[in-house]
Amino acid sequence: MSDDSYNPGQIEPKWREYWISNHLHEARNDDPRPKYYCLDMFPYPSGSGLHVGHWRSYVLPDCWSRYKWLQGFNVLHPMGWDAFGSPAENDAIQKGIHPKVGTQRNVENFKRQLHEIGAMYDWSREVNTTDPDYYKWTQWIFLRMFKAGLAYKTLMPVNWCPSCKTGIANEDVVNGRCERCGTEVTKKELHQWMLRITTYADRLLAGLEELDWPEKVKTMQSNWIGRSEGAEVTFTAIAANGSHHLLKIFTTRPDTLFGATYMVMAPEHPLVTELTLPAHAAGVQAYVEKVKSERDIDRAAKTEKTGVFTGAYAINPVNGEKIPIWIADYVLMSYGTGAIMAVPGHDERDYEFAKKFRLEIREVISSERGVAQESYVGDGTMINSGQFTGTPSEEGKKAIVRWLAGRGLGRATVNYKLRDWVFSRQRYWGEPIPIVHCEKCGAVAVDEKDLPIRLPDVERYQPTGTGESPLAAIQDWVNVPCPKCGGPGKRETDTMPQWAGSSWYFLRYASPRAKDALITEQGKEWLPVDLYVGGVEHAILHLLYARFFTMFLHDIDVVDFEEPFLRLFNQGMITYVGKSGKAEKMSKSKGNVVNPDELVRDFGCDSLRMYELFVGPPELDALWNDNGIQGVHRFLKKAWHWVSMYNGQWKASPSREMLTQRHLLVKNVTERLDTFRMNTIVSSFMEFIGEVTSMKQAPDKETVETFLILIAPFAPHFAEELWQRTGRPPSIFFQRWPVWDEAYTTFDTVTVAVQINGKLRGTIEVRAEAPEESVLEAATKDPAITRFLDGRQIRKKVYVKNRILNLVVG
RNA sequence: GCGAAAGUGGCGGAAUUGGCAGACGCGCUAGACUUAGGAUCUAGUGGGAAACCCCGUGAGGGUUCGAGUCCCUCCUUUCGCACCA
């Protein structure tokens, strides 16, 4: 094998070594260049290592970071570990390995594999959420939230995963199953730490507007927050014993209040027992019990409405009418007030229920088709509505609310689907919640100077299943004096969810080793994140929590911005055909992973990097093709050969066509980079090499160097090596991104398509920018075209300069 | 059910503002070089036809000199949401 052949196995380790020993990728605070913060979502270091699907998500941000570097930015591109969480803990339970040890081992392996990607991570800023120096600040944020009244403990039914034996947040429940392990979620009453994320609902919603994020993600967040404006209306319910109770409901349609023909309370509503008439008690109780025993997933999947009458009635505040009160599970205790006024004429659900139980359906908003067949949910003019009859519904909403408010019977309110965040986990491997429970003082914050509250070693990692974490068993850790009164106290034994550490890690990279502050003044210069790259699976949870944390930290003057991620890019996943026989997301459990190690060995890291980009549009899922990498590998070999062959024999003055190819390449690559069309960038390079090799002439040195700089973000080892071999000192990344001159990106002659009556009949070569007359003249001389013109009159000519001439003949 | 995105060769995918559909790559075919080819190079490769040509971007309509691109109806796939009053 001659020295001139492309041998990635030799050059790649060499350049990685060079970058590291020269600290090339360490972002320096004293660098005068403008900052650019490019962030990859940090991984959970699992035991199974990286596959080509993971690779894809790291390649794009790395190319982008290298591009920004070449553009003259001081780039921060860090990496770290989201290392708390159940897999390490499950390993601990099963194999008795301390999670710290298992995590450490996985981190080593991940780091080795990430190294092979050739990415320019600044490892000097590595963070790990399980490091006490890191979680000290996670705990610190919690304490500040506690002091601000945003963290509170309350007894509430929570989603309980019987397999993980821990309470989990609403956000962790997907189709009634635990997001982590897939087990069906049940309910359990537990004292839980909660974070008042709902306080930030409006800001979380409003903040979305200015963000350069995919619309899809913004929509998902906005739906999750689920803001709806309406009114709280107070009905009077008459209990079995004749006593009166205020029964509050939430509605977005106060304009339909006159159409309320019954009311519904959720089965869990506190007034159920009180209101139910003795004659109905047995039925109601049976129904409530039945609903309770049902899992959420079944309750949601039910197709037909169920319910039971309480025997009690309520008085409609607008007309004094007595309407029956029902119990039904289509009303949820967790939203609004847990009770509704039912307006079957103008609500689909109420309509269905009313039909089934033969309740009155009353039309109070006029519409063409009425409410005989189905409910009418649109706007219209109010009818059958007392003094409001004739009012347009939009106006009526306000008018009725005003009327109610004047009598103390209602007010305008806003409701959110967003719930407060269940922040407790009854597991071992998480940040201890820095609270001490004192009999005298209640829940007391640990003194900030005592942070971090370290996670103690335990003998057994098993969740107890009783609602207490394994930490509860460690007496000498649990029993501590109350920080306030010094009396006997007990530490909180719940730990934080995995989301805690990942909700602010992007801030820590800015000053990862700061001892006295979460972020130093100098560190602030790096923030916020300019580009955040990661999978769409984090569209709601992680991104919402991270925004919430950031807004809070803004409010306590830790950071000076509210939105942490200015631009977001969602990468598509790699799919591959596994045992199921169809293309699915690559994962170990599906048996369809492709290991990058062999590909790196056979083709080199640069080939794999470029193929990961070439495989398809970055925002879409892409089907892995084992042979595909051959194409980019051949291209790199050809390109290598082209540079090597003419090395040292550069042409002094490049031909016009060589210049055109050079400038065209700069233009294509730059424009396509800015819109992330990475797959077509690889095509551009291939076309360029195809063109310049077919010229069979030596290139000038500038063209070769331009090519190398352009390809450096994508095939960095390749570019560095040839840069050096063509006689320039490393590193190529100290060069500047080239610019193109439009004067060269055009050709002297252009091919114009000639259509007759809209059908392509031929093409002609004309001088670029040629006027219409000369193009027409050339066309009418071309025999391939003239035979369609014979004896026919040209009725219309359409000429688009340099592109097409369409002749309409008759 | 609601919302969003997407349907282009055997496959992955290209196509400024409507302007030569299928760039680039995989695969395939033929040839060259080879002891060999799963290396490399050259040529070809949407379908039909000997050819002139005809037909082709999920289906059907429409606008236009001209539609993958714009408008309407429908079908399929994927993803989100799913009793949130």
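As a basis for the values below, the full set of heavy atoms in this structure was taken, side chains included, without hydrogen atoms, waters or symmetry mates. Residue numbers start from 1 in every chain, and the chains themselves are labelled A, B, ... in the order their sequence lines are given, proteins ahead of strands.
Comparing B:G80, B:C24, B:C20 by their nearest atom to the side chain of A:I804 picks out B:C20. The side chain of A:L760 lies closest to B:C20, out of B:A85, B:C24, B:C20. Ranking B:G27, B:C20, B:A85 by closeness to the A:F250 side chain, first place goes to B:A85. Side-chain proximity of A:V331 to the nucleotides B:C54, B:A85, B:C83 is greatest for B:A85.
As rounded to the nearest Å, B:G68 and B:G46 have C1' atoms that lie 14 Å from one another. Taking atom P in both B:G56 and B:G22, the straight-line distance is 16 Å, to the nearest Å. Spacing between B:A43 and B:G48 at atom P, rounded to whole Å, works out to 24 Å. Between B:A82 and B:G12, the distance separating the two P atoms is 32 Å to the nearest Å. Across the C1' atoms, B:G60 and B:U76 are found 15 Å apart, a figure rounded to whole Å.
Here A:K216 lies in heavy-atom contact (under 4.0 Å) with sugar-phosphate atoms only. Counting non-hydrogen atoms under 4.0 angstrom, A:T252 reaches the backbone sugars and phosphates but no base. When heavy atoms are screened at a 4.0 angstrom cut-off, A:Q755 is found touching base atoms of the nucleic acid. Among the protein residues, A:S228 comes within range of the sugar-phosphate backbone only, with heavy atoms under 4.0 Å from sugar or phosphate atoms but none that close to a base. Heavy atoms of A:K797 sit nowhere under 4.0 angstrom from any nucleic acid atom. Within the 4.0 angstrom heavy-atom criterion, no nucleotide atom of any strand lies near A:K801. Within 4.0 Å of A:V800, counting heavy atoms only, lies at least one base atom of the nucleic acid. If you check every strand for non-hydrogen atoms under 4.0 Å, A:R634 touches sugar and phosphate atoms only.
A:Y335 meets the ring pair (Phe, Tyr, Trp, His ring centres under 6.0 Å) test with no other residue; sequence neighbours excluded.
The partner of B:A39 is absent, by the rule that a Watson-Crick or G-U pair needs both atom distances under 3.5 Å.
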What protein N or O atoms touch nucleotides 11-16 of chain B N or O atoms at under 3.5 angstrom, if any, and at what distances?
from  : atom 1 : to     : atom 2 : distance (Å)
B:G12 : O2'    : A:V615 : O      : 2.7
B:G13 : O3'    : A:N679 : ND2    : 3.4
B:A14 : OP1    : A:N679 : ND2    : 3.0
B:A15 : OP1    : A:R677 : NH1    : 3.2

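Side-chain atoms of A:N627 stay outside donor-acceptor range of the base of B:C26, with no qualifying N/O pair under 3.5 Å.
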